[in-house]
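Since the structure comes first, as structure tokens, the remarks are kept for the end.
Order of listing sets the numbers, starting from 1, for every ligand and every atom in it. Numbers for residues simply follow the sequence, beginning at 1. Basis for what follows: all heavy atoms, side chains included, without hydrogens, waters or symmetry-related copies.
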Amino acid sequence: MKGKNSELAEALVNLEEKRVLEMVQKQLNSGKPAREILNQLKEGMDNVGKKYEEKEYFLSDLVMAAEIFKLAMEIIEPKLEISKEKEKGTIVIGTVKGDLHDIGKNIMVALLKNDGFTVHDLGTDVPPDEFIRVVKREKAQVLGLSGILTMAVEPMKETVETLKREGLRKEVKVILGGLPVDEKWKEIAGADAFTQDAYEGLRIIKEFLGVR
Ligand code: B12
């Protein structure tokens, strides 16, 4: 298992677009669950990030890796299990102000939609007021805030504060997602939950809404 895992991750780290896409297709054809394939790609992305941190890779390499990840997602997304049930609940989601990373958020959106939730994806660099405007308009039960940069904790906090000011905090559950989020971020931002994993995010959101 490990060997195969790292082979796909390795191909992404080496920015071998054709190989990555072929391997994703092959694994899907052989019946491997989308979740396992996504985990391998995420492992590759983490290693790309490390190489960038160690100055072995440049920004252009990050962009390239992100591009390959997106193409792989296009192959995987139609194969995600589609729920027959609809109207499980309404979620507003986006990447917070100042942060342009959206690969992880897009995975979360894909999983939620495939599970039958109504999702309003506001994209990246979303100001607090915009989140709250759409939460109100759509009468959303859950607000999902994504942030990958360390500075994202501040706009997350600001967004929850805006929600409070508008008197909506009690009705709307807030979940944080992204690479740096942890218990401490949850406390600072005043959120209800956090996760670094989209499948766990799906489980938590279902728990919030009391659906299966
Ligand atoms: C790809 C990438 C980019 C791409 C982004 C492309 C895109 N469309 O997203 C590009 C090249 C544009 C980019 C730009 C930058 N990046 Co960048 N990037 C990365 C990289 C390599 C991978 C991020 C990623 O996509 N991971 C894969 C996804 C699947 O994982 P994930 O985001 O954690 O998501 C999972 C969960 O967290 C969860 N999840 C995510 N969102 C949500 C939301 C909810 C509600 C829930 C429940 C769950 C959930 O589900 C996902 C699946 O399980 C990371 C390194 C790393 N190790 O992560 C650096 C990294 C995040 N980048 C970094 C930096 C510094 C930058 C730049 C400032 C570089 C520059 N000098 O310009 C800019 C910032 C631009 C900005 N203002 O945002 C740093 C951040 C440092 C810090 N401490 O803040 C990192 C850590 C690299 C590093 N080690 O130095 N980057």
Side-chain angles (χ1 to χ4, degrees), residues 9 12-13 15 20 34-74 76-77 80 89-115 117 119-127 131 135 140-156 159-160 172-182 185-186 189 191-209:
L12 180 58
V13 175
L15 308 173
V20 169
R35 176 184 197 144
E36 281 178 34
I37 303 174
L38 281 172
N39 281 342
Q40 295 169 60
L41 289 168
K42 189 157 183 285
E43 182 193 321
M45 262 311 204
D46 286 344
N47 290 333
V48 170
K50 281 189 198 120
K51 282 188 186 285
Y52 175 72
E53 214 168 346
E54 288 157 8
K55 305 214 174 351
E56 187 181 328
Y57 272 10
F58 299 107
L59 190 57
S60 54
D61 298 312
L62 286 193
V63 174
M64 185 66 200
E67 221 26 70
I68 299 175
F69 199 113
K70 280 194 175 165
L71 293 172
M73 226 9 233
E74 281 171 22
I76 298 168
E77 209 179 320
L80 289 169
T90 302
I91 291 139
V92 170
I93 190 169
T95 305
V96 296
K97 197 170 75 182
D99 197 332
L100 300 174
H101 294 84
D102 67 356
I103 295 176
K105 187 246 325 146
N106 292 345
I107 294 176
M108 189 68 250
V109 169
L111 294 187
L112 285 164
K113 281 188 176 165
N114 278 294
D115 214 86
F117 290 95
V119 185
H120 297 275
D121 178 4
L122 308 188
T124 61
D125 192 17
V126 183
F131 275 118
V135 163
Q141 296 109 320
V142 179
L143 174 60
L145 303 177
S146 185
I148 315 297
L149 296 175
T150 314
M151 52 68 71
V153 68
E154 267 310 310
M156 283 179 176
T159 307
V160 179
V172 181
K173 292 277 190 192
V174 181
I175 178 166
L176 311 180
L179 180 72
V181 303
D182 59 12
W185 277 47
K186 188 188 103 172
D192 299 295
F194 74 90
T195 179
Q196 295 183 343
D197 177 83
Y199 282 91
E200 198 193 340
L202 187 61
R203 186 186 60 70
I204 296 171
I205 290 170
K206 283 181 179 173
E207 225 173 82
F208 280 164
L209 299 175

Would you say Asp102 has any N or O atom under 3.5 Å from an N or O of ligand 1, going by distance alone?
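Between Asp102 and ligand 1 (N or O atoms, distance only) the closest approach is under 3.5 Å.
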Using a 3.5 Å cut-off on N or O atoms only, is Leu145 in polar contact with ligand 1?
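Leu145 vs ligand 1: no N/O contact under 3.5 Å.
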Does [atom] have a protein heavy-atom neighbour under 4.0 Å away?
atom	answer
atom 14 (C) of ligand 1	yes
atom 1 (C) of ligand 1	yes
atom 49 (C) of ligand 1	yes
atom 7 (C) of ligand 1	yes
atom 76 (C) of ligand 1	yes

Would you say [X]'s side chain and [Y]'s backbone share a donor-acceptor pair under 3.5 angstrom?
X	Y	result
Asp61	Phe58	yes
Asp192	Val174	yes
Gln196	Val181	yes
Gln40	Ala9	no

Which atoms of ligand 1 have any heavy atom of [X] under 4.0 Å away?
X	value
Asp99	78 (O)
Val63	11 (C)
Asp197	36 (C), 53 (O)
Met45	1 (C), 21 (C), 27 (C)
Ile175	45 (C), 47 (C)
Gly144	45 (C)
Ala198	38 (C), 50 (O), 52 (C), 53 (O)
Lys105	40 (C), 41 (N)

Protein heavy-atom partner closest to [atom] - residue, atom, separation in Å:
atom	value
atom 71 (N) of ligand 1	Tyr52 OH, 3.3 Å
atom 20 (C) of ligand 1	Leu62 CD2, 4.5 Å
atom 55 (C) of ligand 1	Gly49 CA, 3.5 Å

Leu38 side chain reached by Met73 side chain, heavy atoms, under 4.5 Å
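Yes - at least one pair of side-chain heavy atoms lies under 4.5 Å apart.
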Is the closest side-chain heavy-atom distance between Glu200 and Arg203 below 4.5 Å?
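In contact.
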Counting heavy atoms only, name the option from [options] that's nearest to [atom].
atom	options	value
atom 57 (N) of ligand 1	Val92, Thr195, Val174, Asp46	Asp46
atom 39 (N) of ligand 1	Ala191, Ala152, Gly178	Gly178
atom 61 (C) of ligand 1	Ile148, Val142, Asp61, Leu38	Ile148

Heavy-atom gap Lys50 to ligand 1 smaller than 4.0 Å:
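It does not; every heavy atom stays at 4.0 Å or beyond.
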Under 4.0 Å, counting heavy atoms only: does Ala65 come that close to any atom of ligand 1?
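No.
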For ligand 1, indicate whether the residue Ile107 contacts it via side chain, backbone, both or neither (heavy-atom separation under 4.0 Å).
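The side chain, only.
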Please give the atom name: the N, O or S atom of His101 nearest to atom 17 (Co) of ligand 1.
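Looking only at N, O and S atoms of His101, the one nearest atom 17 (Co) of ligand 1 is named NE2.
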For the pair Asp121 and Lys113, find out whether any cationic side-chain nitrogen is under 4.0 Å from an anionic carboxylate oxygen.
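No salt bridge links Asp121 with Lys113.
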